[in-house]
Amino acid sequence: MLSNHLEKSINSSDKNNLSIGTLLQQADFDTPRFVVAEHLGISNRFPEQGMRYIILNIDTLELCVKYAGDLEWISSKNDSRTQTYILSDTLPEDHVKVLYKKAISYKEEKEQIQKQTTEKHKNKLNLGRCLFEQVKPDQAKAVIIASREIDDCVIMTEGLNIKEEPFFIIGWSMHTITLFSELRKAAALSGMPELRHFNENNREDEHREKYWVNEECSYLKRGGRYTTAWKVSKQSINCCLELIYSAFADGRVRFPK
């Protein structure tokens, strides 16, 4: 992509005067991936860092700012440390302008998508909060939740890991102490067929794990810690309000009728 547009035009050793189109290369990369797209001047706050450049990632069209003080000449490279180097080649300025225009458009599009995503999430939480407040008992301090945990262990590396799907709210609790009898009752009243086996008083389903010296997590689950299975536990309302709002907004609520 670049071979047809390269020019030789850098003769100055002054890093504060790099021309638009100067190619940059990050350490350990085989091909140039950045180009100087614009000068922002020298910062009044950090004048010792020299000129500020907007540089453009040629592969991704992403923009970022680099100080002249953060750059080194490629001729000074003598190790593999993380560093952005100035090359002796440049792209024609008109070609850089085309790339820069595309990059600005791409940046604005990403920002618009992010704005819409943020607004959508905000509206979702507001809906969930309204639904939550309509049915929450005044004295409730915790919710009883059910979620499916998935074994995500990497056998080759013996790395133990578990993924958890978004939880369902299946009951309220007026305290934060975990009682297995309370978890079993909520599972039975939820009407979820995935939790039907917790109707059995199987002590092997009861798990207690210590995270800190004085903190214990208790839950119901058929099988071991890293087994793919449904889990029933309790969460303090104050500790996971956004997740609770999301559950209400998504309809992941299974209270007994």
Side-chain angles (χ1 to χ4, degrees), residues 117-155 157-257:
T117 301
T118 300
E119 188 66 23
K120 184 177 179 180
H121 181 66
K122 180 181 177 182
N123 292 337
K124 176 180 175 178
L125 291 182
N126 285 337
L127 171 62
R129 177 177 56 81
C130 291
L131 297 173
F132 166 78
E133 292 176 349
Q134 288 174 14
V135 298
K136 174 186 173 293
D138 291 338
Q139 303 303 317
K141 294 183 178 179
V143 288
I144 300 173
I145 63 174
S147 59
R148 184 171 177 264
E149 290 191 327
I150 301 172
D151 176 12
D152 193 38
C153 300
V154 181
I155 298 176
T157 62
E158 297 183 356
L160 299 178
N161 190 40
I162 198 80
K163 293 192 301 186
E164 186 171 356
E165 294 181 343
F167 61 70
F168 288 78
I169 299 174
I170 61 174
W172 302 101
S173 181
M174 307 305 144
H175 55 83
T176 56
I177 301 171
T178 300
L179 302 174
F180 290 120
S181 58
E182 183 183 34
L183 300 185
R184 291 187 186 281
K185 181 178 179 181
L189 294 176
S190 71
M192 293 179 65
E194 299 91 343
L195 309 180
R196 192 175 297 142
H197 56 281
F198 290 128
N199 293 346
E200 309 166 12
N201 192 18
N202 187 344
R203 298 294 295 274
E204 292 184 358
D205 293 340
E206 301 174 0
H207 299 268
R208 294 182 177 85
E209 294 180 359
K210 281 198 172 182
Y211 289 127
W212 306 102
V213 176
N214 296 318
E215 186 174 345
E216 184 180 85
C217 175
S218 302
Y219 57 91
L220 293 175
K221 184 178 180 182
R222 179 65 54 89
R225 172 71 180 89
Y226 297 100
T227 303
T228 297
W230 279 83
K231 168 183 171 181
V232 177
S233 60
K234 179 183 284 191
Q235 288 284 345
S236 168
I237 290 175
N238 292 333
C239 292
C240 59
L241 261 181
E242 280 203 9
L243 294 176
I244 292 174
Y245 293 163
S246 291
F248 270 88
D250 290 341
R252 289 180 281 108
V253 178
R254 297 293 184 271
F255 292 134
K257 297 181 180 180

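On a predicted model such as this, the values are computed, not experimentally measured, just so you know.
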Are side-chain heavy atoms of [X] and [Y] found at a separation under 4.5 Å?
{"X": "I145", "Y": "F168", "answer": "no"}
{"X": "I237", "Y": "F132", "answer": "yes"}
{"X": "L220", "Y": "K231", "answer": "no"}
{"X": "L127", "Y": "F248", "answer": "no"}
{"X": "Y226", "Y": "E149", "answer": "no"}
{"X": "K163", "Y": "D151", "answer": "no"}

Could you grab the distance from atom [atom1] of [X] to atom [atom2] of [Y], nearest 0.5 Å is fine?
{"X": "E165", "Y": "R252", "atom1": "CD", "atom2": "CZ", "result": "10.5 Å"}
{"X": "D205", "Y": "F198", "atom1": "CG", "atom2": "CZ", "result": "5.5 Å"}
{"X": "I169", "Y": "S190", "atom1": "CD1", "atom2": "OG", "result": "12.5 Å"}

Worksheet entry | Crowding at CD, E204 (>12 non-hydrogen neighbours, <6.0 Å) |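 Counting neighbours around CD of E204, 12 or fewer heavy atoms of other residues, nucleotides or ligands fall under 6.0 Å, so no.
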
Discussion item. Show, in sequence, the C-alpha distance, side-chain angles and deciding distance for S233 and T178, and conclude whether the side chain to side chain contact (heavy atoms under 4.5 Å, CB included) test is met.
Written reply: CA-CA 8 Å; S233 60; T178 300; over 6 Å; no

Atom of [X], atom of [Y] and distance for their closest heavy-atom approach:
{"X": "E242", "Y": "H121", "result": "OE1-NE2, 4.0 Å"}
{"X": "A247", "Y": "V253", "result": "O-CG2, 4.1 Å"}
{"X": "S218", "Y": "F180", "result": "CB-CZ, 3.9 Å"}
{"X": "V143", "Y": "I244", "result": "CG2-CD1, 3.9 Å"}
{"X": "A249", "Y": "K124", "result": "CB-O, 3.4 Å"}
{"X": "L183", "Y": "I144", "result": "CD2-CG2, 3.8 Å"}

Measure from the side-chain N and O atoms of [X] to the backbone N and O of [Y], and report whether any donor-acceptor pair falls under 3.5 Å.
{"X": "R254", "Y": "I170", "value": "no"}
{"X": "H207", "Y": "G223", "value": "yes"}
{"X": "K234", "Y": "I177", "value": "yes"}
{"X": "R129", "Y": "Y245", "value": "no"}
{"X": "K221", "Y": "T227", "value": "yes"}

Item to complete: Apply the side-chain hydrogen bond (donor to acceptor under 3.5 Å, both in side chains) test between S173 and each candidate in K141, Q235, E182; give the one that qualifies.
Response: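 Result: among K141, Q235, E182, E182 is the only option passing the side-chain hydrogen bond (donor to acceptor under 3.5 Å, both in side chains) with S173.
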
Worksheet item: Step by step, would you call R148 with E194 a side chain to side chain contact (heavy atoms under 4.5 Å, CB included)?
Response: CA-CA 9 Å; R148 184 171 177 264; E194 299 91 343; over 6 Å; no

Discussion item. Below 30° counts as parallel, above 60° as perpendicular, anything between as tilted: where do the rings of F255 and W172 land?
Written reply: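 Taking W172 first and then F255, their aromatic rings lie parallel (interplane angle under 30°).
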
Item to complete: Applying side-chain hydrogen bond (donor to acceptor under 3.5 Å, both in side chains), run through Y219 and E209 and close with a yes or a no.
Response: CA-CA 9 Å; Y219 57 91; E209 294 180 359; 2.6 Å; yes

Worksheet item: Without hydrogens or angle criteria, can the side chains of E164 and S147 be said to hold a donor-acceptor pair below 3.5 Å?
Response: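 The answer is yes; a qualifying pair exists.
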
Practice prompt. Could you tell me whether E206 and R184 have a side-chain N and a carboxylate O separated by less than 4.0 Å?
Written response: yes

